[in-house]
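Every chain is numbered from 1 and lettered A, B, ... according to where its sequence line falls, protein lines coming before strand lines. What's counted below: heavy atoms across the whole structure, side chains too, no hydrogens, waters or symmetry copies.
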Protein chains: 2
Amino acid sequence: MRGRHAIATANGCGIDSLNDFERMSSFTLEPLGFIHSAIRGREDAPRQGSEGAPDAWLEIEPKFADALLGIEVGHELIVITWMHGAARDVLQNHPRGDESRPLTGVFYTRSPARPNPLGLHPVTVREIDGTRVKIGPIEAFDGTPVVDIKSASTRADG
Amino acid sequence: MRGRHAIATANGCGIDSLNDFERMSSFTLEPLGFIHSAIRGREDAPRQGSEGAPDAWLEIEPKFADALLGIEVGHELIVITWMHGAARDVLQNHPRGDESRPLTGVFYTRSPARPNPLGLHPVTVREIDGTRVKIGPIEAFDGTPVVDIKSASTRADG
């Protein structure tokens, strides 16, 4: 990865190495909050997309609370997660780990393994308690960072 | 992130600043490719979601070419962009800039302005030429970095 390489070669201290990191055109995501789910690991995860997935609490960082204005129970959202446990160096795999299925580029799968491990979750708002929003169904491990939240409707363009 | 931490440790010198960086738990996206579009700026952009949006070429970085395996003309994909021109410090706005509409948290809009300016684009593959993929319709400025590509079907889970 270029960003990492920049830090290794810059070999400088503090600010300089981070500036190099930015100049190499990588982009930095900040967690907006975290998922609290009964899914603790792969063995708890449903096998097929969100079918059978549980609801989960999304706990938003207080500094982003104002960005929740207007969200109500029943609304449909798209939550984008950072699948922090996923491999980033995998470019092809067998869909669902089924070797009878042809090797497929990760850009044509929904596999968590991919260069930038972003997860896409269409959910419904079930409950709101301050900066805690219960959403579901969502197949995401407990502790997964959330990096974006959008209206599911493209009519909501700003 | 483990990779960066390992490099920082090996480097010695950069370790403190990188540890600070990690403590903030931010995540780094690498561009997978870039959009080449006739939309050069806001004045060219359609006003309503992807309605009236043009097709565009997505040029994938050669190092990620293998991740395209299996993508064919007619396939439906979800492209995630990094809206590099967007303001990141806006938490509320009037949808579509229309002040007659109530102030809304950006997590309930599709506004480009948001803490992590990720754009979500459902598209159809029109044409494939090596690592260049013509997709559309897509409302994205020329030069926009692409940070993830997924099958639009959740049946494609890996």
Side-chain angles (χ1 to χ4, degrees), chain A residues 1-4 7-8 11-15 17-18 25-32 48-50 64 66-71 75 77-78 80 82 91-93 95-97 102-116 118 120 145 147-151 154-158, chain B residues 3-4 7-8 11 13-14 16-18 21 24-32 48-50 64 66-71 75 77-78 80 82 84 91-93 95-97 102-116 118 120 145 147-151 154-158:
Chain A
M1 314 229 324
R2 277 173 300 180
R4 249 184 249 156
I7 282 176
N11 200 27
C13 299
I15 295 297
S17 60
L18 286 179
S25 286
S26 55
F27 313 115
T28 302
L29 294 170
E30 184 175 14
L32 310 178
Q48 308 242 349
S50 65
F64 297 118
D66 286 350
L68 294 170
L69 181 68
I71 294 181
H75 282 177
L77 302 176
I78 295 174
I80 304 181
W82 181 260
L91 296 182
Q92 300 181 342
N93 58 24
R96 296 174 203 251
L103 203 59
T104 304
V106 295
F107 296 163
Y108 194 54
T109 74
R110 299 284 284 222
S111 167
R114 52 187 56 250
N116 295 314
L118 297 171
L120 212 54
V147 296
D148 203 8
I149 304 166
K150 296 176 187 298
S151 168
T154 56
R155 310 291 307 177
D157 269 318
Chain B
R4 227 184 282 150
I7 284 172
N11 260 1
C13 177
D16 288 342
S17 59
L18 287 177
F21 198 68
M24 296 186 300
S25 288
S26 56
F27 314 115
T28 302
L29 294 169
E30 184 176 14
L32 309 177
Q48 308 242 348
S50 64
F64 296 119
D66 287 350
L68 294 170
L69 181 67
I71 295 181
H75 281 178
L77 302 176
I78 295 174
I80 305 181
W82 182 259
H84 55 314
L91 296 182
Q92 300 181 343
N93 58 25
R96 298 173 201 252
L103 204 57
T104 305
V106 294
F107 296 162
Y108 194 56
T109 74
R110 299 284 284 222
S111 167
R114 52 187 56 249
N116 295 314
L118 296 171
L120 210 54
V147 296
D148 202 7
I149 304 165
K150 296 176 187 298
S151 169
T154 55
R155 312 290 307 176
D157 268 318

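Both the backbone and the side chain of A:Leu68 come within contact range of chain B, judged by heavy atoms closer than 4.5 Å. Heavy-atom distances place no part of A:Pro102 under 4.5 Å from chain B, backbone and side chain included. Contacts of A:Leu118 with chain B are made by both backbone and side-chain atoms, with heavy-atom separations under 4.5 Å.
Under the side chain to side chain donor-acceptor pair (under 3.5 Å) criterion, B:Asn116 pairs with B:Arg88, sequence neighbours left out. Residues satisfying the ring pair (Phe, Tyr, Trp, His ring centres under 6.0 Å) criterion with A:Phe27, sequence neighbours excluded, are B:Trp82.
Closest approach of B:Phe64 and A:Leu91 over heavy atoms only: CD2-CD2, 3.9 Å.
Using a 4.5 Å heavy-atom threshold, the side chains of A:Ile80 and A:Ile149 count as separate.
Between chain B and the residues A:Leu32, A:Leu69, A:Val147, the most heavy-atom pairs under 4.5 angstrom are made by A:Leu69.
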